[in-house]
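This report refers to the structure that appears directly beneath it.
Small disclaimer: the values here were computed from a predicted structure and weren't measured. These numbers come from the heavy atoms of this one structure, side chains and all, not from hydrogens, waters or symmetry mates. Whatever order the structure lists them in is the order used to number ligands and atoms, beginning at 1.
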Amino acid sequence: MSIFFTIGYVLYIISMLLSMSFQWHDLIVGIIFFFGAIFVWLSSKTTVRTILDVRRITKLKAESITDPLTGVFNRRYLMRRLKEEIERSHRYKAPLSLALFDIDNFKAINDTYGHLIGDNVLTLICALIQENIRKTDFVARYGGEEICVLMPDTKPSKAAHIADRIRAKIQETNICFEQDGVQLQINVTVSAGIASLSTANSLEELINQADNNLYKAKRMGKNMVIGHNEPDHN
Ligand code: GH3
Ligand code: MG
Ligand code: MG
């Protein structure tokens with residue numbers, strides 16, 4: 001940009017000299033052109049740098065709240081949001097529920113097909129859960145193969161219904177993959193425990209309740225959702 005201004009002005013001076021009508025105050029125009037060009041150049045450079053910085057910060061922010069394997073929110077973000085949602089629920093006296101999912105017999109999947117396939121299965125299950133929740137809910141990886149769905153403004157009976165719909169969807173999904181040139185198909189099931197702020201008073205109680213219900217679901221035969229006092233069977 002400044003080069004164009006400078007060239008333009010040099011050509012202007014040359015034409016003035018050639019036409020013998022050059023006067024020293026014409027230099028002022030050149031100086032204004034020159035510093036104007038430098039100003040425009042520096043501003044455009046700063047703007048480009050700012051855009052790149054904003055992009056970098058946005059990316060870093062997204063990475064700090066996302067689980068790198070599955071792409072859903074990470075545990076740290078879950079805990080932060082959970083705290084905020086509990087406060088919001090108390091303030092507006094609104095219901096709040098969550099479902100804690102755990103993949104059934106996941107160790108056997110790892111042992112049979114290897115960890116890489118296990119990783120793919122886990123990622124796929126997270127995607128299936130993500131596809132089957134409402135816009136107002138959100139999914140986070142709570143632990144190894146435990147996935148939490150937080151459901152604001154939702155009563156536990158409704159949460160159990162949603163969780164059971166997700167459970168059924170996962171059960172009916174055939175997971176296909178290729179290993180050593182052989183096409184394989186596996187069926188995965190999940191169990192879930194529901195917790196609600198109506199029967200828990202704190203974040204810890206909420207998590208404990210979901211954990212206990214999940215444990216019950218495992219003990220009662222897996223592939224089921226427990227919450228709201230009665231199981232939603234497969
Ligand atoms: P259950 O039905 O009772 O839940 O049995 P399970 O085999 O799913 O549960 P268990 O706790 O015995 O094993 C969980 C396994 O999940 C063990 C661990 O290696 C595996 N796991 C945890 N995180 C990951 C991961 O990110 N990738 C893979 N591939 N495996 C994982
Ligand atoms: Mg498991
Ligand atoms: Mg587990």
- Query: Quick one: which ligand 1 atoms are inside 4.0 Å of a heavy atom on D119?
  - Reply: 25 (C), 26 (O), 27 (N), 28 (C), 29 (N)
- Query: Can you list the ligand 1 atoms lying under 4.0 Å from a non-hydrogen atom of L69?
  - Reply: 26 (O)
- Item | atom 13 (O) of ligand 1 protein-contacted (non-hydrogen atom, under 4.0 angstrom) | yes
- Where ligand 1 meets D102 - atom numbers and elements under 4.0 angstrom, heavy-atom basis: 4 (O)
- Query: Looking only at protein heavy atoms, which one is nearest to atom 5 (O) of ligand 1, and how far off is it?
  - Reply: N105 N, 3.6 Å
- So which protein heavy atom does atom 1 (P) of ligand 1 come closest to, and at what separation? K218 NZ, 3.5 Å
- Query: Does an N or O anywhere in L122 fall below 3.5 Å from an N or O of ligand 1?
  - Reply: no
- The answer for which part of R219 has a heavy atom under 4.0 Å from ligand 1 is neither
- Message: Looking at K83 and E87, is there a salt bridge between them, counting it only when a charged N and a carboxylate O are closer than 4.0 Å?
- Response: no
- So, for L206 and A195, which heavy atoms are closest and what is the spacing to 0.1 Å? O-CB, 3.1 Å
- Starting from atom 7 (O) of ligand 1, locate the nearest protein heavy atom and write down its residue, its atom name and how far away it is, to 0.1 Å. K107 N, 3.0 Å
- Which atoms form the tightest heavy-atom contact between T58 and V54, and what is the distance? OG1-O, 2.6 Å
- Task: Test side chain to side chain contact (heavy atoms under 4.5 Å, CB included) on I125 and V188 and set out the steps.
- Result: CA-CA 9 Å; I125 296 295; V188 178; 4.0 Å; yes
- atom 20 (C) of ligand 1: closest protein heavy atom, distance to 0.1 Å, is N110 ND2, 3.4 Å
- Message: Can you see whether S191 engages D104 through a side-chain donor-acceptor pair at a distance of less than 3.5 angstrom?
- Response: yes
- Message: I need the nearest protein heavy-atom contact for atom 22 (C) of ligand 1: residue, atom name and distance, please.
- Response: G144 CA, 3.6 Å
- Query: Does R141 have a heavy atom less than 4.0 Å from any atom of ligand 1?
  - Reply: yes
- Message: For K218, I'd like to know if atom NZ has over 12 heavy atoms of other residues, nucleotides or ligands within 6.0 Å.
- Response: yes
- Are there protein heavy-atom neighbours of atom 10 (P) of ligand 1 below 4.0 Å? no
- For the atom pair CD1 (I194) and CG (N212), what is the distance rounded to the nearest 0.5 Å? 13.5 Å
- Can you name the closest pair of heavy atoms from C148 and L98 and give their distance? SG-CD1, 4.0 Å
- Message: Can you count the protein N/O/S atoms lying under 2.8 Å from the Mg ion (ligand 2), leaving waters out?
- Response: 3
- Task: Measure the distance from atom 6 (P) of ligand 1 to every protein heavy atom, then report the residue, atom name and distance (to 0.1 Å) of the closest one.
- Result: F106 N, 3.5 Å
- Query: Judging by distance only, is a nitrogen or oxygen of G118 under 3.5 angstrom from one on ligand 1?
  - Reply: no
- Which atom of A210 lies closest to which atom of L100, heavy atoms considered: CB-CB, 3.9 Å
- Using ring pair (Phe, Tyr, Trp, His ring centres under 6.0 Å) as the criterion, list what pairs up with F106, not counting sequence neighbours. none
- Residue pair P152 / T154: nearest heavy atoms and the distance that separates them: O-OG1, 2.8 Å
- Task: Locate the shortest heavy-atom distance separating S89 from L96; write the atom from each residue and the value.
- Result: OG-CB, 3.2 Å
- Message: Between Y92 and R88, is there a side-chain donor-acceptor contact under 3.5 Å, judged purely by atom types and distance?
- Response: no
